[in-house]
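Notes follow the structure.
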Amino acid sequence: MRMRREFRMPDVGEGLTEAEVIAWRVAPGDEVAVNQVLVEIETAKAAVELPSPFAGTVGELLAQPGQTVEVGTPIITIEAAETAATSGEAAPAGGPVIGEAGAGGRIATLVGYGPRQGTVARRPRRPAPGRARHADAAPSPETAPSPDAGQPVAPPVQDRRSGAADREIRGSGRPTGDHGEAVPLAKPPVRKLARDLGVDLRSVPGSGAGGIVTREDVEAAATHEPAPAAGTGGVRREPIRGVRRATAAAMVSSAFTAPHVTEFLAVDVTATMALRDRLRGSRQFSGVKLTPLAFVAKAVCLAARRTPQVNAHWDDAAGEIVYYDRMQLGIAAATPRGLIVPKIRDADTLDLHGLATALAELTETARAGTTPPADLVGGTFTITNVGVFGVDTGTPIINPGEAAILAVGAIKPTPWVVDGELAVRTVCQLALSFDHRLVDGEQGSRFLADVGALLEDPGVALTW
């Protein structure tokens, strides 16, 4: 016996609330097996492929590519064979099914369990004193079904500035504002989309049944621009979503929460680059992509042992400073989808060869857009290599939850004074931003000086 099963958008980690559908890997009528990839989605952290929790025939695709879907919303139906679990028998072995409620009512996700299932009842609203309903008005929008999706439409909104309640146009059931203008009808996700895109719903004609504004109406309004004035160019708009939205929110939160201090240091890295050339020709590093960033990463890990404040977290809620025994080293990576910061786990336990290998794997995975969400969280220190773009230095913004971030500038020949004489040396600029709540000026300066000393003369590490 076959039954219609819905696969809901799962939480792919860290409490994310929504994801964007990138591309479907199946079509209606296709036969699918358990764990076969159904769809590629993009969260605020990374691109993820979702496997099928059921075996059967694909029914409907309930979300379109480019559509942002909230966690828990059905995205595909599959005509699946009835299992022992659904027929009342013992559940089959193999663990919970993604998106389905398991023991205790909790929903299985790709990385654990989400909230328990349950129903939410809304207490009926009491009518305002003295307010009567027109006999010819439509049913209350709070209970009337949405014509295009079977969901309740948004209820009329109370004008809290003046205390005046919304009124209805006689005979139409449409709520109006204080000045008689019609309040647009739209589902909550559509209203959220309009806010995200900066679209005024009052200016959007609804194409849905009963004049409801649809997602397509909002997207069309967002892409429509008035003709540019003479002598000016055209414009292009794109929705703020996915990695870009998450990055923006994180940077704004960090910039206005942590008091940033940035210090700069120019470093003669001639000796380090010479060591790199020697190691490249050795048997130990044969086949390993040994970049200058590997030396910087090793220097950071060594210097952090002498200044543990840079590998810490300010826990405001608990009123504590959390010091980490291990360094979860984030490496800022530019990808086609935006900036991400995957982590090298326990970087301080790796030697130079291990760091070089980890960096190569991290970079390849990031560029391919396949970095797992779990690799994008839990960092304790970040390095950003702006030098690959030919930039000398900058003032990096600390990743939220971390104490510091180091920017590495371009490595290039530069006039330099050596033993009182001018010479051409290989030089790069370092810029360290740190949270002044955690790191004092002396500590930040010492850490930056230690990193610089190690890069100027790698042999210094033998003295520590």
With a cut-off of 3.5 Å and sequence neighbours excluded, list every side-chain donor-acceptor pair involving residues 456-464.
residue: Asp457; atom: OD1; partner: Gly459; partner atom: N; Å: 3.1
residue: Thr463; atom: OG1; partner: Val460; partner atom: O; Å: 2.6

For the side chain of [X] and the backbone of [Y], is there at least one donor-acceptor N/O pair under 3.5 Å apart?
{"X": "Lys289", "Y": "Glu361", "value": "no"}
{"X": "Thr357", "Y": "His353", "value": "yes"}
{"X": "Thr257", "Y": "Ser253", "value": "yes"}
{"X": "Asn311", "Y": "Pro308", "value": "no"}
{"X": "Lys343", "Y": "Gly330", "value": "no"}

Between [atom1] on residue [X] and [atom2] on residue [Y], distance to nearest 0.5 Å:
{"X": "Asp375", "Y": "Thr365", "atom1": "CG", "atom2": "OG1", "answer": "8.0 Å"}
{"X": "Arg326", "Y": "Arg345", "atom1": "CZ", "atom2": "CZ", "answer": "13.5 Å"}
{"X": "Glu79", "Y": "Glu31", "atom1": "CD", "atom2": "CD", "answer": "10.5 Å"}
{"X": "Thr426", "Y": "Ile411", "atom1": "OG1", "atom2": "CD1", "answer": "8.5 Å"}

Requested in this report: Return yes when atom CZ of Arg25 has more than 12 non-hydrogen atoms of other residues, nucleotides or ligands closer than 6.0 Å, and no otherwise.
Outcome: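 For Arg25, atom CZ is crowded (more than 12 foreign heavy atoms under 6.0 Å).
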**Report entry** Listed once per pair and sorted, the side chain to side chain donor-acceptor pair (under 3.5 Å) pairs that draw on residues 393-422, sequence neighbours left out
**Finding:**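 Pairs touching residues 393-422 that pass the test: Thr382-Asn399, Thr382-Glu402, Asp392-Lys412.
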